[in-house]
A.B. asks: 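Next up is a structure, given as structure tokens.
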2 protein chains.
Amino acid sequence: MPADPLSATFFALADPTRRAILARLVQGDASVKELAQPHQMSLAAVSKHLKVLESAKLISRGREAQWRPCHLEPAPLRDLATWLESYRQFWDRNLDGLAAYLQALQRDAKKQGD
Amino acid sequence: MPADPLSATFFALADPTRRAILARLVQGDASVKELAQPHQMSLAAVSKHLKVLESAKLISRGREAQWRPCHLEPAPLRDLATWLESYRQFWDRNLDGLAAYLQALQRDAKKQGD
DNA sequence: TCCGTATTTAACCGATCGGTTGTCAACCGA
DNA sequence: TCGGTTGACAACCGATCGGTTAAATACGGA
């Protein structure tokens, strides 16, 4: 796993299985077995993916008896958004109407959150 | 290189050298030699990095005599922003004041663009 | 205490990564 | 036409990736 945090974040997200796990965790914490269920691979493989996500601090893990519930951590995603922001000016300059589109997306997200 | 576009984008960005190349390209197109100059590695290595960025469609390449100028392409970054948007609701719920912070960042970027 | 469930670890595997060196192709200018 | 510059390509290398199977660990319950 890469040393610098941003590389670790990008690396962790560069795998569909790991992104699917994150997407699942948006809906709430889950056990390893629960996270593994949709994927046709061994539990050990999923455990490895979780280790990658944890080392990138994208998830944290609790302890509940023999379960190790996974919890989504927003900080690295926020950092990623900050990194992306430094390019927004660039693509705003090149793609008209995108700003408005993203603002609309944000509005929708806000509404859903209410 | 990963098959699906989003994985390819994340993979390409999970390397500091490649991100540095992108950052340089924000300021304008550049030749391979020019892009290689700040990095202490062979030209061939940089050429490989450019191939990764190109296959992820993060850059495109022109032809000017024996030069192959590199050009930053915004589309994958825009797609990445769209992917991130689906998590904004999540971290907005968890980190107060972040939305305002990002909106301020956006405003600043807008101003700079004017 | 022994059993079952949940999860991690270890050892292994083929494929790929990120770098190297060496060679080759394309193009310009003298 | 020849030399110099720019860049790509191939072959190679050690390290790491993403998966496997098998064994070990941690915990609660009967």
Side-chain angles (χ1 to χ4, degrees), chain A residues 1-25 28-72, chain B residues 1-25 28-72:
Chain A
M1 309 86 184
D4 72 292
L6 199 48
S7 295
T9 303
F10 278 123
F11 172 80
L13 295 174
D15 182 286
T17 302
R18 289 195 287 263
R19 288 200 304 278
I21 289 173
L22 285 195
R24 162 62 186 83
L25 287 177
D29 297 5
S31 71
V32 177
K33 193 185 179 189
E34 199 171 348
L35 291 172
Q37 186 262 326
H39 308 283
Q40 45 190 5
M41 67 180 70
S42 71
L43 218 58
V46 172
S47 190
K48 278 192 183 181
H49 282 305
L50 293 176
K51 205 173 177 181
V52 171
L53 290 170
E54 189 181 14
S55 77
K57 299 188 195 308
L58 279 159
I59 66 170
S60 61
R61 322 202 53 176
R63 289 167 192 273
E64 250 184 76
Q66 65 267 54
W67 292 275
R68 308 287 317 274
C70 297
H71 178 78
L72 180 50
Chain B
M1 308 86 182
D4 71 292
L6 199 48
S7 295
T9 303
F10 278 123
F11 171 80
L13 294 175
D15 182 286
T17 302
R18 290 195 287 262
R19 288 201 305 279
I21 288 174
L22 285 195
R24 162 62 186 83
L25 287 177
D29 296 5
S31 71
V32 177
K33 193 186 178 189
E34 199 171 349
L35 291 172
Q37 186 262 326
H39 308 284
Q40 45 190 6
M41 67 179 69
S42 71
L43 216 59
V46 172
S47 191
K48 277 192 185 182
H49 281 305
L50 294 175
K51 206 173 176 180
V52 172
L53 290 170
E54 190 181 13
S55 76
K57 299 190 194 308
L58 279 160
I59 66 170
S60 60
R61 322 201 53 177
R63 290 167 192 271
E64 248 184 79
Q66 66 266 54
W67 292 275
R68 307 287 317 273
C70 296
H71 178 77
L72 180 51

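Since the model is a prediction, treat every value here as computed from it, not as a measurement. Protein chains get the first letters and strands the later ones, always in sequence-line order, with residue 1 at the start of each.
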A.B. asks: Tell me which donor-acceptor pairs under 3.5 Å the side chains of residues 9-24 of chain B have, and how far apart each pair is, sequence neighbours excluded?
C.D. replies:
from	atom 1	to	atom 2	distance (Å)
B:Thr9	OG1	B:Pro5	O	2.9
B:Asp15	OD1	B:Thr17	N	2.8
B:Asp15	OD1	B:Arg18	N	3.2
B:Arg18	NE	B:Ala12	O	2.8
B:Arg18	NH1	B:His49	ND1	3.2
B:Arg18	NH2	B:Phe11	O	3.2
B:Arg19	NH1	A:Ser7	OG	3.0
B:Arg19	NH1	B:Leu13	O	2.7
B:Arg19	NH2	A:Asp4	OD2	3.0
B:Arg19	NH2	A:Ser7	OG	3.1
B:Arg24	NH1	B:Gly28	O	3.0
B:Arg24	NH2	B:Glu34	OE2	2.9

A.B. asks: Using the side-chain contact (heavy atoms from CB on, under 4.5 Å) criterion, which residues pair with A:Glu54? Sequence neighbours excluded.
C.D. replies: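 Listed in chain order: A:Ile59, A:Arg61.
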A.B. asks: Whole-Å distance between C:dT8 P and A:Leu53 CG?
C.D. replies: 12 Å
A.B. asks: Need one value for B:Ala65: base, sugar-phosphate or nothing, where a base atom within 4.0 Å counts as base even if backbone is also close, heavy atoms only.
C.D. replies: sugar-phosphate
A.B. asks: I want to confirm an ordering. Mapping A:Gln40 and A:Glu64 to their closest nucleotides on DNA chain D, which one lands closer to the 5' end?
C.D. replies: A:Gln40
A.B. asks: Between protein and nucleotides 14-17 of chain D, what N or O pairs are separated by less than 3.5 Å?
C.D. replies:
from	atom 1	to	atom 2	distance (Å)
D:dC17	OP1	A:Met1	N	3.0

A.B. asks: Holding to side-chain contact (heavy atoms from CB on, under 4.5 Å), I want the full list of residues that pass it with A:Ser60, two or more places apart in sequence or in another chain.
C.D. replies: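 Only A:His71, A:Glu73 meet the side-chain contact (heavy atoms from CB on, under 4.5 Å) criterion with A:Ser60.
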A.B. asks: Given atom CE of A:Met41 and atom P of D:dG18, what is their separation to the nearest angstrom?
C.D. replies: 10 Å
A.B. asks: Given that both distances must come in under 3.5 Å, which nucleotide forms a Watson-Crick or G-U wobble pair with C:dA30?
C.D. replies: D:dT1
A.B. asks: Which residues pass the side-chain contact (heavy atoms from CB on, under 4.5 Å) test with B:Ala44, sequence neighbours left out?
C.D. replies: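 With sequence neighbours excluded, B:Ala44 shows a side-chain contact (heavy atoms from CB on, under 4.5 Å) to B:Ser42, given in chain and number order.
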A.B. asks: Between C:dG18 atom C1' and B:Ile21 atom CD1, what is the distance in whole Å?
C.D. replies: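 So the two atoms are 13 Å apart, to the nearest Å.
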A.B. asks: Which pairs, protein N/O on one side and nucleotides 3-10 of chain D N/O on the other, fall under 3.5 Å?
C.D. replies:
from	atom 1	to	atom 2	distance (Å)
D:dT6	OP2	B:Lys33	NZ	2.8
D:dG7	OP1	B:Val32	N	3.3
D:dG7	OP2	B:Lys33	N	2.8
D:dA8	OP1	B:Arg61	NH1	2.7
D:dA8	OP1	B:Arg61	NH2	3.1
D:dA8	OP2	B:Ser47	OG	2.6

A.B. asks: Take A:Leu53 and A:Leu25, measure what side chain to side chain contact (heavy atoms under 4.5 Å, CB included) needs, and give me the verdict at the end.
C.D. replies: CA-CA 12 Å; A:Leu53 290 170; A:Leu25 287 177; 5.8 Å; no
A.B. asks: For the CG atom of B:Asp29 and the CD atom of B:Glu64, what is their distance to the nearest 0.5 Å?
C.D. replies: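 Those atoms lie 9.0 Å apart.
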